[in-house]
Amino acid sequence: MFIWEDFRKHASELLKKEGITTEIQDAREEYGDFTYPTFTLAKEYKKSPAEIAGDLASSIEPDNFFSKIEAIGPYVNFHIRSSTLAKWVIDTYLSDDLKIPSRGKIIVEHTSANPTGPLHIGRTRNSIIGDTMARILKRYGYDVEVHYFVNDVGKQVATLLWGILYLKENDDESLRGDYRFVRYYQKAYKILEKHPEKEMEIQEILKRYESGDSVLRDLAKKYVGDILKGIEESLKRLNIHFDRFVWESSLIPLAKEIPQMLEGYISEENGAYYLDMKKIGFEGKDKFYLYRKDGTTLYFLRDIAYHLWKSKISKNMIDVLGEDHKLHFKAIRKVMEILEPDCTLDALFYSFVRLPEGKMSTRKGQAVYLDDLLKEGESRVMEILKTRTYPQSEKESIAKKVSRSAIRFHIVNMQEDKPMIFRWEKALSFDGESGPFIQYTYARASGILRKSEVDLNTYNPETLTHPEEIKLLKLMAKYGTVIMKSVNAREPHLLAKYAYDLASQFNQFYRDCPVITADDDIKQSRLALVKAFKNLMGDVIETLGMDKMEKM
RNA sequence: GGGCGCGUGGCCUAGCCUGGACAGGGCGCUGGCCUUCUAAGUCAGUGGUCGCGGGUUCAAAUCCCGCCGCGCCCGCCA
């Protein structure tokens, strides 16, 4: 799995024999595979960097890993022996076992969108980043449990209930829950803007609800459940699933135990209680309120309860959160250090998606819904498929797979903390740096294997000498490195970049290296390469949560 | 006002953590490549004061300081 890193380690060992202990960096392609710049040694050795590099290069002998070690100016460059590389890479990906170590349990919480309406594309950035991160962690060896924290307590839900209870008109039962009930939520907010005094009624609902009013509880469970089901349906279309939905209301009993665990840090003000952040050495905000003066709980308290509860299941946790949660999260983490010092809690933050005309908002109804985007994507794919002779059902299946993969790739291909402005044309781009480009490349590899009509038997790695073959092999060797970096930095976009590079390189190979018409020995080794590539590309595609297809 | 993040060719973007060899891609535009493994592909060309100004260094898109622009947060909302 970590082929490239094993080569790197070997280069380090060779240098170590010369008395140099250092990390070796990747070289620019035209100079070699790994490089060691000698500038820093100049003072100590009292020689020019170029001289030092020359001496080092001539004293390190080529071996099974490196065929050439040469100095270019002040750099010592290592060249990988391609026959060793070819055999290693191909055998690795032809085998079913990528030899991934087991790394224990981790909980990834993502999406957790308030169940007040259909999922819009802004929230979807959370889902896609979270789901991809979870898949990458799994690939790295973690036992991942994916959570959705369901907000069925608090003001938003009380507002939703108020809307449904008092504004019933033009109800359309044929609509899916999220589309059906969001109308009341939006209308409720409009009314509250004009009549702030109605706020009292909402407070009353909230209070009754939290004190355990069974009628309200049942209603909330029903409506929130219906909306959540809708959101879940939308996410299924993107290939996103959860292991567990944790309802906030279920944590209220635990939440009420938190204050005594934090005794000495809590203060009271007009009947409301807050955590005194100065006392626990927190900077950024002094008071985080736990209880309203009417005794109802606040999100901060319930979120502490949720994290405490999670930490009993797993010591490792990652939350995928919008950038608006940075301060909140910092405080939660601080509290967790007190309550459960053994656990590690990390966050993966992302910037908001905006529309060209401004912010997205469920309340104001200004948003692009995920379902609409998927639908539009599918119809654009069907348009392209007009020239194909596949059966209709296959076309529809392809359309779904291409559409959702295009959207997933578009979102995860961008660095998480970069602001994003949503544009239909870009989200549904099918060429260049896009999801379909990657799927298409996989289909091409499949096509070659399908038409080769030869069984794969032994191959000779020595025959893989074409520059495009070597470049492809090197990229294939880097999969483990990319997964590792992506996990350590919590940056799923690195894998998307890798997927593109890998696919792009396969297309260069495809252009210059015919497989089916090649001479027998070359054909065998190229088939082995294509098969190994297909396995790897398929694994990358699935780790990105996209769909692989034999034909498209 | 304070804190955090972002600022790379007409547009979108990688690289920034761990400073090194001419800043990679994609879209667009111009011109090529389908009797040959799917042209959702590919080749060539076009286009960049890496927001601005200082500093550190043999070397800065990358590190430090100060500005400017944009976003987010600073609620008894979530």
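Chain A is the first sequence line, chain B the second, and so forth, proteins listed ahead of strands; every chain is numbered from 1.
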For this session: Hunt down the Watson-Crick or G-U wobble partner of C11(B), both distances under 3.5 Å, from any strand shown, or write none.
Result: G26(B)
Problem set entry | Whole-Å C1' distance, U18(B) and A60(B) | 15 Å
Problem set entry | Pair R526(A) + E469(A), salt bridge at N-O below 4.0 Å | yes
Exercise. Which part of the nucleic acid, if any, lies within reach of V402(A) when heavy atoms closer than 4.0 Å are counted: base, sugar-phosphate only, or nothing?
Worked result: base
For this session: Taking salt bridge (Lys or Arg N to Asp or Glu O under 4.0 Å) as the test, write out the residues that go with E29(A), two or more places apart.
Result: K471(A)
Exercise. Do the side-chain N and O atoms of T463(A) and D521(A) include a donor-acceptor pair separated by under 3.5 angstrom?
Worked result: no
Exercise. Reading nucleotides 69-78 of chain B from the 5' end, what letters show protein touch, with B for base, S for backbone sugar-phosphate only, - for no heavy atom under 4.0 Å?
Worked result: --BSS-BBSB
Problem set entry | Protein-nucleotide distance (K471(A), atom NZ; U42(B), atom C1'), rounded to Å | 14 Å
For this session: In plain terms, say whether R380(A) and E425(A) are close enough for a salt bridge, that is, a side-chain N and a carboxylate O under 4.0 Å apart.
Result: yes
Problem set entry | Any F149(A) side-chain heavy atom under 4.5 Å of D303(A) side chain | yes
Exercise. Any chance the side chains of D512(A) and H466(A) put a donor and an acceptor closer than 3.5 Å?
Worked result: no
For this session: Have a look at L527(A) and say if it touches a base, only the backbone sugar-phosphate, or nothing, with a 4.0 Å heavy-atom cut-off.
Result: nothing
For this session: Give a yes or no on whether a donor-acceptor pair under 3.5 Å exists between the nucleobase atoms of A40(B), that is its base, and the side chain of S434(A).
Result: no
Exercise. Does the pair R8(A)/E5(A) count as a salt bridge with the N-to-O cut at 4.0 Å?
Worked result: yes
Exercise. Is a salt bridge present between K497(A) and E433(A), judged by a nitrogen-to-oxygen distance below 4.0 Å?
Worked result: yes
Exercise. Under 5.5 Å between ring centres and under 30° between planes: does that hold for Y75(A) against the base of A21(B)?
Worked result: yes
Seminar exercise, completed: Separation of C4(B) atom P from F329(A) atom CZ, nearest Å, is 17 Å
Problem set entry | P spacing across the pair G24(B) / A14(B), given as an integer number of angstrom | 16 Å
Exercise. Out of G25(B), A40(B), U38(B), which nucleotide sits closest to the side chain of Y500(A)?
Worked result: G25(B)
Exercise. Which whole number of Å gives the distance between the C1' atom of G55(B) and that of G3(B)?
Worked result: 25 Å
Problem set entry | For C34(B), the Watson-Crick or wobble counterpart (both distances under 3.5 Å) | none
Exercise. Taking CG from D417(A) and C1' from A14(B), how many angstroms apart are they, rounded to a whole number?
Worked result: 13 Å
For this session: Would you kindly compare G32(A) and Q508(A) by the position of their nearest RNA chain B nucleotide and give the one closer to the 5′ end?
Result: G32(A)
Seminar exercise, completed: Comparing K551(A) with A27(A), nearest RNA chain B nucleotide closer to 5' gives the residue A27(A)
Exercise. When you compare G1(B) with C16(B), how far apart are their C1' atoms, in angstrom units rounded to a whole number?
Worked result: 29 Å
Problem set entry | Under-4.0 Å side-chain N/O to phosphate OP1/OP2 contact, R423(A) with C11(B) | no
For this session: Kindly determine whether K287(A) and M277(A) satisfy side chain to side chain contact (heavy atoms under 4.5 Å, CB included), including the steps that lead there.
Result: CA-CA 6 Å; K287(A) 300 174 182 177; M277(A) 302 309 280; over 6 Å; no
For this session: Between G26(B) and C64(B), how far apart are the P atoms? Round to whole Å, please.
Result: 32 Å
Problem set entry | Distance between C1' atoms of C63(B) and U56(B) (Å, rounded) | 8 Å
Problem set entry | Watson-Crick/G-U partner (both atom distances under 3.5 Å) of U57(B) | none
For this session: For K330(A), answer base if it contacts any base atom (sugar-phosphate contacts may also be present), sugar-phosphate if it contacts only those atoms, and nothing otherwise; contact means non-hydrogen atoms under 4.0 Å.
Result: nothing
For this session: Taking the side chain as every heavy atom from C-beta outward, state whether K155(A) and E199(A) have any pair of such atoms under 4.5 Å apart.
Result: yes
For this session: Tell me, please, which residues at least two apart from Y500(A) pass ring-ring contact (aromatic ring centres under 6.0 Å, His included).
Result: F437(A)
Problem set entry | Separation of atom CD in E23(A) from atom P in U18(B), rounded to whole Å | 13 Å
For this session: Determine if the base of C65(B) is syn or anti; take syn to mean the glycosidic torsion is within 90° of 0.
Result: anti
Exercise. Within the structure shown, what part of the strands sits under 4.0 Å from T35(A) by heavy-atom distance: base, sugar-phosphate, or nothing?
Worked result: base
Problem set entry | Base partner of G75(B), which must satisfy Watson-Crick or wobble distances under 3.5 Å | none
For this session: Round to the nearest Å and state the distance from K418(A) atom NZ to G5(B) atom P.
Result: 14 Å
Exercise. Ring of Y31(A) versus six-membered ring of A21(B): centres under 5.5 Å and planes under 30°?
Worked result: yes
Seminar exercise, completed: Applying side chain to side chain contact (heavy atoms under 4.5 Å, CB included) to K359(A) and not counting sequence neighbours gives R354(A)
Seminar exercise, completed: Heavy-atom contacts, protein to nucleotides 28-37 of chain B, under 4.0 Å, summarised as B (base), S (sugar-phosphate only) or - (none) per nt, yield ---------B
Check nucleotides 56-59 of chain B for protein N or O atoms closer than 3.5 Å to its own N or O atoms and list the pairs.
none

Seminar exercise, completed: In whole angstroms, the gap separating C1' of G41(B) from CG of L502(A) amounts to 16 Å
For this session: For C73(B) and G66(B), measure between their C1' atoms and round to the nearest Å.
Result: 24 Å
Exercise. Is any NZ, NE, NH1 or NH2 atom of the basic residue among K310(A) and E109(A) found under 4.0 Å from an Asp or Glu carboxylate oxygen of the other?
Worked result: yes
Exercise. Between K386(A) and E383(A), is there a salt bridge with N-O shorter than 4.0 Å?
Worked result: yes
Exercise. Looking across every strand, which nucleic acid part, if any, lies under 4.0 Å from N77(A) by heavy atom: base, sugar-phosphate, or nothing?
Worked result: base
